[in-house]
Amino acid sequence: AWLLDLAALHDPQPDREFTILAHRRKHDVFREYCIAAVKRQVPVVSRSYFLSTWKHNVGSKVVVRKTMRFAMCNDCIK
């Protein structure tokens with residue numbers, strides 16, 4: 001639920017069925033989750049459990065960015 005709440009604040013793709021997070025790595029997303037969990041005073045899950053849950057429950061609906069999609073020129077897109 002936390003990851004989907006985070007995704008709601010980020011960049012849904014109008015031409016595809018996924019949301020791109022502003023983070024460059026999943027490790028950065030996990031770090032943000034840990035900070036939020038401590039603030040909410042809820043148990044923090046392990047990194048491996050977090051990533052496994054992301055893979056099996058959210059899948060490719062929420063992804064981290066490799067590049068800024070609309071910051072690439074036409075030559076780079078090809």
Side-chain angles (χ1 to χ4, degrees):
W2 180 88
L3 186 58
L4 295 176
D5 290 343
L6 178 68
L9 302 173
H10 285 265
D11 192 13
Q13 299 302 292
D15 60 335
R16 302 201 177 133
E17 294 186 18
F18 61 84
T19 298
I20 298 177
L21 301 179
H23 304 76
R24 293 287 313 246
R25 302 174 307 169
K26 288 184 177 182
H27 176 75
D28 298 329
V29 178
F30 175 70
R31 191 174 340 153
E32 189 171 327
Y33 155 76
C34 290
I35 292 168
V38 168
K39 285 182 181 178
R40 292 181 179 180
Q41 298 180 342
V42 296
V44 177
V45 299
S46 69
R47 182 173 184 258
S48 61
Y49 183 80
F50 179 84
L51 295 175
S52 175
T53 301
W54 186 335
K55 180 179 180 180
H56 297 293
N57 295 332
V58 179
S60 59
K61 293 179 183 178
V62 178
V63 298
V64 293
R65 67 180 175 90
K66 293 179 184 174
T67 61
M68 297 301 284
R69 255 182 95 197
F70 299 109
M72 295 186 296
C73 66
N74 288 337
D75 293 332
C76 295
I77 294 172
K78 296 175 186 177

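Numbering starts at 1 and runs along the sequence shown.
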- Message: Which heavy atom of Ala37 sits nearest to which heavy atom of Pro43, and what is that distance?
- Response: CB-O, 4.3 Å
- Query: Looking only at atom types and distance, does a side-chain atom of Thr53 sit under 3.5 Å from a main-chain N or O of Tyr49, one as donor and one as acceptor?
  - Reply: yes
- Under a single-linkage definition using a 4.5 Å side-chain heavy-atom cutoff for Ile, Leu, Val, Met, Phe, Trp and Tyr, are Phe50 and Ile35 assigned to the same hydrophobic cluster? no
- Trp2 vs Val29 side-chain heavy atoms within contact, under 4.5 Å: yes
- Between Val44 and Tyr33, is a side-chain contact (heavy atoms from CB on, under 4.5 Å) present by the stated rule, with each step listed? CA-CA 8 Å; Val44 177; Tyr33 155 76; 4.0 Å; yes
- Query: Could you go step by step and tell me if Val62 and Trp54 meet the side-chain contact (heavy atoms from CB on, under 4.5 Å) rule?
  - Reply: CA-CA 8 Å; Val62 178; Trp54 186 335; 4.2 Å; yes
- Query: Under the salt bridge (Lys or Arg N to Asp or Glu O under 4.0 Å) rule, what pairs show up with a residue in residues 31-47, not counting sequence neighbours?
  - Reply: Asp28-Arg31
- In short, Leu51 meets Lys26 closest at the heavy-atom pair CD2-CB, 3.8 Å
